[in-house]
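Some notes on the structure that comes next.
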Amino acid sequence: MNQKKISNNFSSHMNMNFLPQPFKIINGRLFCESVEINRLASKFGTPIFIYSERAICEAYLKIKNAVAKWPVEICYAVKANPTLGILELLGKLDSGFDVVSGGELSRVLKAVKNPNKIVFSGVGKSEKELELAIKSNVFCINVESISELHTLNKISIKNNVCTPISIRINPDIDPKTHPYISTGLKENKFGLSLDKAKEAYKIASKLTHLHIIGVDCHIGSQIIDKEPYIESTIKLLDFVDSINEIDKTNFHIDLGGGIGICYKDESLPVLDDLFSSILRPIEKWSKKKSLEFPKIIFELGRSIVGPAGLIICEVLALKNGNDENDKNFIIVDAAMNDLMRPALYDAYHEIFPIINFQNSKSKMSWDVVGPICETGDWLGKDRYIHTKQGERLAIASAGAYGSSMASNYNSRSKPAEILIEESGSVKVLKRRETFDDLIRNEI
Ligand code: LLP
């Protein structure tokens with residue numbers, strides 16, 4: 001391979017920080033490891049999700065290294081990407097898992113041999129889901145309401161077990177992210193206020209079949225500022241101090257997930273600094289009280305799988321306006337049903353051609369849109385992309401909350417999902433849905 005032709009900072013017109021190292025442009029063509037993506041797309045069709053195994057492993061291990069000094073467990077938030085092959089990969093790295101439904105729990109149980117670190121979060125859990133969690137011996141159920149405490153106690157009595165729990169605190173902190181993914185403000189539906197949580201711990205301590213083992217919070221997602229994390233950690237420590245129901249010699253603090261990734265040009269906190277800023281106050285607290293450093297849990301999704309995934313789509317048509325004030329559209333075969341984030345959160349995902357990358361800057365600006373019959377079906381706005389019908393584009397940073405939020409709207413089949421291994425081997429994790437798949441459950 002001619003190194004001179006390889007560049008990760010391939011082009012002056014695009015900052016490529018959003019793309020992890022296994023992806024590179026060689027002679028204007030996108031590769032992942034030794035695999036040429038355009039060829040892969042010809043073989044498997046489009047739209048298609050492509051994940052880099054190495055990018056996922058490296059993201060996970062980078063986080064593990066940053067917390068190595070402390071007793072920290074990383075529980076992968078399955079909602080970010082629940083594909084079995086991804087869970088399997090993280091299971092092999094000895095990751096824990098954060099699940100929020102019976103379906104996610106069943107996926108982990110199917111994909112991972114001996115999963116012994118599962119936390120069950122979620123603002124509303126059915127009795128059936130709670131029973132499955134109890135029977136699966138999850139490490140902890142994160143309870144979010146007083147009524148859930150009673151339900152869980154009832155089910156624990158029925159199953160003759162003492163269920164380990166923590167209660168999710170809503171610390172009323174602004175994570176400075178999109179309002180739809182802020183979860184720790186008092187107007188949000190999640191967790192219990194400090195006062196209500198005090199009451200909940202008192203009640204839990206009297207319920208015969210619950211065992212309090214920790215405290216929990218999750219303030220939001222795509223957080224790129226460390227201050228909200230520090231603030232909520234300090235609030236949690238004050239809270240722990242203020243109640244007697246938590247055994248301070250043996251408990252854990254679950255700080256949730258939310259670490260942001262680079263979609264465009266965000267400057268992200270350095271992981272070492274972020275984690276030490278969060279964990280140092282806990283160290284200070286435990287020293288002052290002559291306690292052991294408690295076990296800490298982070299429930300991370302996006303920061304592990306987000307950058308590692310791309311959607312490859314094909315240009316179906318170009319439609320340009322009459323004059324320079326008119327909109328120009330690149331119509332592709334991916335749509336909001338494959339990647340909901342732009343339609344739902346106005347989210348930015350970088351989009352670029354996977355061949356002829358060096359000539360990919362256009363003078364005209366284009367909206368990249370899907371074929372779905374809604375004006376909200378767009379993937380990128382005002383992009384200076386030079387392409388033509390039949391060429392393929394990559395939509396970046398789609399490893400998290402891409403396939404997991406995909407739907408069959410407009411009776412569109414969900415794409416295939418492919419993992420590219422470090423060796424260059426290509427593994428189909430999920431085949432493309434067929435028409436028969438779409439109508440399978442209809443009678
Ligand atoms: N723990 C809990 C309780 C959560 O609710 C979430 C995400 C996480 C952990 C993982 O957060 P992460 O590390 O992935 O940020 N669909 C949205 C994101 C919704 C996140 C919901 N909860 C998006 O596409 O941006």
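Both ligands and their constituent atoms are indexed starting at 1 by order of listing. All values below come from the heavy atoms of this structure, side chains included, with hydrogens, waters and symmetry mates left out.
- Closest to atom 19 (C) of ligand 1 among all protein heavy atoms lies Ile181 CG2, 3.6 Å.
- Side-chain contact, Thr434 with Asp437: a donor N or O sits under 3.5 Å from an acceptor N or O.
- A salt bridge links Asp225 with Lys176; the closest basic N to acidic carboxylate O contact falls under 4.0 Å.
- Below 4.0 Å from some heavy atom of Leu300 lie the following atoms of ligand 1, by number and element: 13 (O).
- There is a side-chain donor-acceptor pair under 3.5 Å between Tyr51 and Glu417.
- Figure legend: cation-pi geometry between Arg168 and Phe239 absent, as NZ or CZ is not positioned both under 6.0 Å from the six-membered ring centre and within 45° of its axis.
- Only the side chain of Met405 comes within contact range of ligand 1, with a heavy atom under 4.0 Å; no backbone atom does.
- Nearest protein neighbour of atom 15 (O) of ligand 1, counting heavy atoms only, is Ser221 OG, 2.4 Å.
- Of the protein's non-hydrogen atoms, Lys79 CD, 3.5 Å is the one closest to atom 22 (N) of ligand 1.
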Show, in sequence, the C-alpha distance, side-chain angles and deciding distance for Glu199 and Asp195, and conclude whether the side-chain contact (heavy atoms from CB on, under 4.5 Å) test is met.
CA-CA 7 Å; Glu199 190 188 329; Asp195 285 345; over 6 Å; no
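- In this structure, Lys295 satisfies the cation-pi test against Phe139, with its NZ or CZ atom closer than 6.0 Å to the six-membered ring centre and inside 45 degrees of the ring normal.
- The proximity of Asn142 to ligand 1, defined as any non-hydrogen pair under 4.0 Å, does not occur for either the backbone or the side chain.
- Within ligand 1, the atoms closer than 4.0 Å to a non-hydrogen atom of Arg302 are 12 (P), 13 (O), 14 (O), 18 (C), 23 (C), 25 (O), numbered from 1 in the order shown.
- When hydrogens are left out, the protein atom nearest atom 1 (N) of ligand 1 is Glu299 OE1, 2.6 Å; that is the closest non-hydrogen contact.
- Protein heavy atom nearest atom 14 (O) of ligand 1, with residue, atom name and distance: Tyr401 OH, 2.6 Å.
- Residue Tyr345 has at least one heavy-atom neighbour below 4.0 Å for each of these atoms of ligand 1: 16 (N), 17 (C), 23 (C), 24 (O), 25 (O).
- For Ala80, no nitrogen or oxygen atom sits less than 3.5 Å from a nitrogen or oxygen atom of ligand 1, counting backbone and side chain alike.
- Within the 4.5 Å cutoff, side-chain heavy atoms of Trp285 are placed close to those of Asp241.
- By the 4.0 Å N-to-carboxylate-O rule, Asp94 lies too far from Lys64 to be salt-bridged with it.
- Checked against a 3.5 angstrom limit, the closest N/O atoms of Arg168 and ligand 1 fall outside it.
- Atom numbering of ligand 1 starts at 1 in the shown order; those under 4.0 Å from a heavy atom of Gly258 are 11 (O), 12 (P), 13 (O), 15 (O).
- Closest protein heavy atom to atom 24 (O) of ligand 1: Arg341 NE, 2.6 Å.
- Salt-bridge formation is not detected for the pair Asp172/Lys235: no Lys NZ or Arg NE/NH1/NH2 atom is positioned less than 4.0 Å from an Asp or Glu carboxylate oxygen.
- Under the 4.5 Å side-chain criterion, counting only non-hydrogen atoms from C-beta, Lys414 is not in contact with Asp338.
- When only non-hydrogen protein atoms are considered, atom 8 (C) of ligand 1 lies nearest to His218 CE1, 3.4 Å.
- Looking at ligand 1, you'll find an N or O of Gly301 within less than 3.5 Å of one of its N or O atoms.
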